[in-house]
Amino acid sequence: MLKGIPAIIGPELLRALDEMGHGDTLVLADANFPAESVGKDTLVVRCDGHGVPELLEAVLRLVPLDQYVEKPVTLMEKVPGDTVETPVWDVYDRIVAAADGRGAEAVGRIDRFPFYEAASQAYVVVATGERAQYANVIVQKGVVYENEELA
């Protein structure tokens with residue numbers, strides 16, 4: 001047991017977050033995402049039973065967003081013609097805004113297949129039990145400065 005680590009971050013995910021370097025990416029994948037096939041050449045961590053918003057919030061307590069890219073958080077854009085509502089995106093905007101001074105401006109969107117390609121290059125894919133549609137997120141890790149204090 002460690003102090004200051006959100007309880008939702010298990011040992012395998014904590015290790016992956018620690019091993020990630022500046023610019024490495026992490027995918028928080030919803031329950032419909034093909035995590036095992038997209039992540040076949042990378043580390044896949046199972047967080048079944050947990051939602052993406054709670055994991056995103058916990059991850060951003062430990063990992064800064066990349067300050068050298070315009071959009072260090074990437075969402076999967078809806079397939080053209082899909083009319084499904086995506087209220088989870090508003091939740092992500094609030095979580096990112098609480099963790100990064102750029103606010104929702106740090107969040108971008110890319111189409112489905114480019115998202116899969118980017119996800120296949122991630123350091124770690126986290127498979128969750130999230131049921132919201134289009135709830136996948138790619139997070140790009142920033143620099144952890146020596147003088148940063150733990151919350």
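All values below were derived from every heavy atom in this structure, side-chain atoms included, with hydrogens, water molecules and symmetry-related copies excluded.
You'll find the side chain of L75 reaches within 4.5 Å of the side chain of V137, heavy atoms only. Side-chain contact check for L2 versus L14: some heavy-atom pair is nearer than 4.5 Å. Annotation: side chain of Y145 is in contact with side chain of V143 (closest heavy-atom distance under 4.5 Å). Inter-residue side-chain proximity for D24 and E19 is flagged as unmet; no heavy-atom pair is nearer than 4.5 Å. Put simply, the side chain of Y68 reaches to within 4.5 Å of the side chain of H22, judged on heavy atoms. At a threshold of 4.5 Å between non-hydrogen side-chain atoms, the residues L13 and I8 do not count as touching. In this structure the side chain of Y116 reaches within 4.5 angstrom of the side chain of M76, judged on heavy atoms. Two residues are said to be in side-chain contact when any heavy atoms from C-beta on lie closer than 4.5 Å; M20 and L26 meet this criterion.
Taking hydrophobic clusters as Ile, Leu, Val, Met, Phe, Trp and Tyr residues chained together by side-chain heavy-atom distances below 4.5 Å, V144 does not share a cluster with Y123.
Between the OG1 atom in T86 and the CZ atom in R109 there is a gap of 7.0 Å [rounded to 0.5 Å]. Atom CG of D111 sits about 13.5 Å away from atom CD of E117, to the nearest 0.5 Å. For the atom pair CD1 of I9 and CZ of R15, the computed distance is 16.0 Å after rounding to the nearest 0.5 Å. In this structure, Q67 CD and Q140 CD are separated by 10.0 Å, a value rounded to the nearest 0.5 Å. Interatomic distance, CD of E85 versus CG of D82, reported as 10.0 Å (0.5 Å rounding).
Between A132 and E130, the shortest heavy-atom distance links the atoms N-OE2, 3.1 Å. Taking every heavy atom of both residues into account, P6 and R61 meet most closely at CG-NH1, 3.6 Å. The minimum heavy-atom distance between T128 and A29, with the atom names listed, is OG1-O, 2.7 Å. Residues V88 and Y134 come closest through the heavy atom pair CG1-O, 4.1 Å. Heavy-atom minimum distance, V38 versus A119: CG1-CB, 3.7 Å. Here the closest non-hydrogen pair linking C47 and L55 is CB-CD1, 3.9 Å.
Under the 3.5 Å distance criterion, the side-chain polar atoms of K78 are left unmatched by any main-chain donor or acceptor of Q133. No donor-acceptor distance shorter than 3.5 angstrom exists from the side chain of T42 to the backbone of G39, with no hydrogens or angles considered. Between the K71 side chain and the E105 main chain, a donor and an acceptor come within less than 3.5 Å of each other. At least one donor-acceptor pair under 3.5 Å links the side chain of D30 to the backbone N or O of A135. A donor-acceptor contact shorter than 3.5 Å is absent between the side chain of Y92 and the backbone of N136. When atom types are taken as modelled, the side chain of T25 and the backbone of V139 share no donor-acceptor pair closer than 3.5 angstrom.
Salt-bridge formation is detected for the pair E36/R46: a Lys NZ or Arg NE/NH1/NH2 atom is positioned less than 4.0 Å from an Asp or Glu carboxylate oxygen.
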Could you go step by step and tell me if E57 and R94 meet the salt bridge (charged side-chain N to carboxylate O under 4.0 Å, His left out) rule? CA-CA 10 Å; E57 190 168 28; R94 286 192 298 275; over 6 Å; no

Review item, side-chain donor-acceptor pairs of residues 95-103, under 3.5 Å, at least two apart:
from, atom 1, to, atom 2, distance (Å)
D100, OD1, R102, N, 2.9
D100, OD1, R102, NE, 2.8
D100, OD2, R102, NH2, 3.0
R102, NH1, D66, O, 3.3
R102, NH1, V69, O, 2.7
R102, NH2, D66, O, 3.0

